[in-house]
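As structure tokens, the structure follows; a few thoughts come after it.
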Amino acid sequence: MNSETLKRHFRESFKSIGRNRWMTFASISAVTVTLIIVGVFMTMMMNLDKIATNLEEDVEIKVLVDLAADDAAIKELEKQLKDNPKLTEIEFSSNEEELEIMIKGYGEEFALYKQGNPLRHVFYVKATDPQDTIKVAKEIEGYDYAFEVKYGEGKVEKLFNILNTGRNVGIVLMIALVFTAMFLISNTIRITIVARKQEIEIMKLVGATNSFVRIPFILEGIWLGILGAILPMILITLAYFNLYDYIQPKLEGELFQPLSKTPFIYQLNGLLLLIGIFIGAWGSFMSVRKFLKV
Amino acid sequence: MIKMKNVYKKYANGVVASNGINIDIHRGEFVYVVGPSGAGKSTFIKMIYREEVPTNGEVHFDNINVGQLQQKEVPKLRRRIGVVFQDFKLLPKLNVYENIAFALEVIEETPAEIRKKVNEVLKLVGLTQKARMFPNELSGGEQQRVSIARSIVNQPELVIADEPTGNLDPETSWDIMDIFEKINARGTTIIMATHNKEVVNTIRHRVIAIEGGIIIRDEIGGDYGYE
Ligand SMILES: Nc1ncnc2c1ncn2[C@@H]1O[C@H](COP(=O)(O)OP(=O)(O)O)[C@@H](O)[C@H]1O
Ligand SMILES: [Mg+2]
């Protein structure tokens, strides 16, 4: 493609945008609304993801040791745990230490148990990959001298469930929105195609290639997508910066922190722009395929 | 140059527009296609530049099997053929010069080539003075000359015209025929569907008469043959 052709394609695609203003406005608005929702949702999901990861990383697995286990058996269990690459931060806590923890946590009444300590020895371990917590806990249950394995007391599962449900609902919603926007764009492009029917007919008659006929329309779709992405990018950047400055100081020293402004906001903006371009290009591609027959 | 073998064309609505056409047209010929309305003249012509594909049989342009041509090969064929219609098909928002240049721009000719070629054909059709005028400022004959100029600006080997004088008064028709004669004299093959009895009977060329999708007569220097 030479530079004359490229200039021509750009010129034609801009002309069309100026020509059917109403549909152009409707398409751009649809992309804008879609991307604002996508952006807000992504911001929420990505931050929740980070919080979840923070929390997950803190979930301990508690391995209660069999009462029948002697010192050698305990050593053997420890070795088994340490040799498992899926486990990390293995710490032993004797039944006396466990009782101390109880007393500290629940009060001096528990000191009575110092005579006949009913507690077991415990290993505290963590899964190397927090996502593996449940699986690896099941695995430990199979070890000799592991009497019982506890983890997060159902918290982990609940967290994962909530996150996954949220994600799925959001994804369905976003796909529906993206399709609506694509549909509107493809309608806008259709109007352009109809308006230029005669021109296209002559182009084909004199031997213009299919891609030559197609490119201005695809470009027009892409412009609509980009124009639709501008407002969401600005709004979400401003909102996130303000929200971050407001929330972050309050969470100083807490386990979970919002995602820092950069690179997060660059990534999000890049993603929104790409989705905008994709919506535009795909919407117009569908129209071109259907109404241009090239 | 053009060869049709047992060409049969049935439209989606069941109408059979070609019912076994066999023909051979040579390079440099001037061929009239005559016959009543609905006989299948336009269909015959459209199958040559692949506006329509035959349902059965073969259409060849030199060694190209036009009916079997892949979609992406069609532009190559079209660049070797110029087409002129009864209704001119000019773009109203472009002036004379731009309408002609359009045909070269969209096949990505260089600006210098475009300028040279457009000026050449403007001279050939006698519209150099009116290059900046718009279609609605021209007479029917002048518009048809623009359309002819556009069809030949890329120096095609074949020019196809579907009733090019159908919308023109007799006097203007002769002017238009003069231009086609000039183009043919340069070696370009011409296939022209026409209802113009005077023209066919005066400027003698090969006449193919189609009726009911069949060639009923094929005669070099023949006459129009209908009332
Ligand atoms: N695109 C089409 N779809 C269906 N029928 C058509 C189409 N084009 C032409 N026909 C029919 O095919 C027959 C031949 O038409 P055409 O080739 O245009 O004849 P002519 O040019 O000799 O008048 C006519 O009956 C016409 O109605
Ligand atoms: Mg016809």
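So you know, we letter chains A, B, ... as the sequences are listed, proteins then strands, and number each from 1.
Contact annotation for B:Leu90: only backbone heavy atoms (N, CA, C, O) come within less than 4.5 Å of a heavy atom of chain A. Residue A:Glu4 touches chain B through its side chain alone, counting heavy-atom pairs closer than 4.5 Å. For A:Thr209, the parts sitting under 4.5 Å from any heavy atom of chain B are the backbone and the side chain alike.
Under the side chain to side chain contact (heavy atoms under 4.5 Å, CB included) test applied with B:Ile203, the options B:Phe30, B:Tyr32, B:Phe180 reduce to a single match, B:Tyr32. None of B:Ile64, B:Val59, B:Val53 except one satisfies the side chain to side chain contact (heavy atoms under 4.5 Å, CB included) rule with B:Leu69; the exception is B:Ile64.
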Applying side chain to side chain donor-acceptor pair (under 3.5 Å), run through B:Thr55 and B:Tyr11 and close with a yes or a no.
CA-CA 8 Å; B:Thr55 316; B:Tyr11 283 108; over 6 Å; no
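Under the 6.0 Å distance and 45° angle rule, B:Lys89 counts as a cation-pi partner of B:Phe85.
Using a 4.5 Å heavy-atom cutoff, the side chains of B:Glu163 and B:Leu168 are not in contact.
Between chain A and the residues B:Leu104, B:Asn154, B:Ile107, B:Thr110, the most heavy-atom pairs under 4.5 angstrom are made by B:Ile107. In terms of heavy-atom pairs under 4.5 angstrom with chain A, the leader among B:Lys72, B:Arg150, B:Glu51 is B:Arg150.
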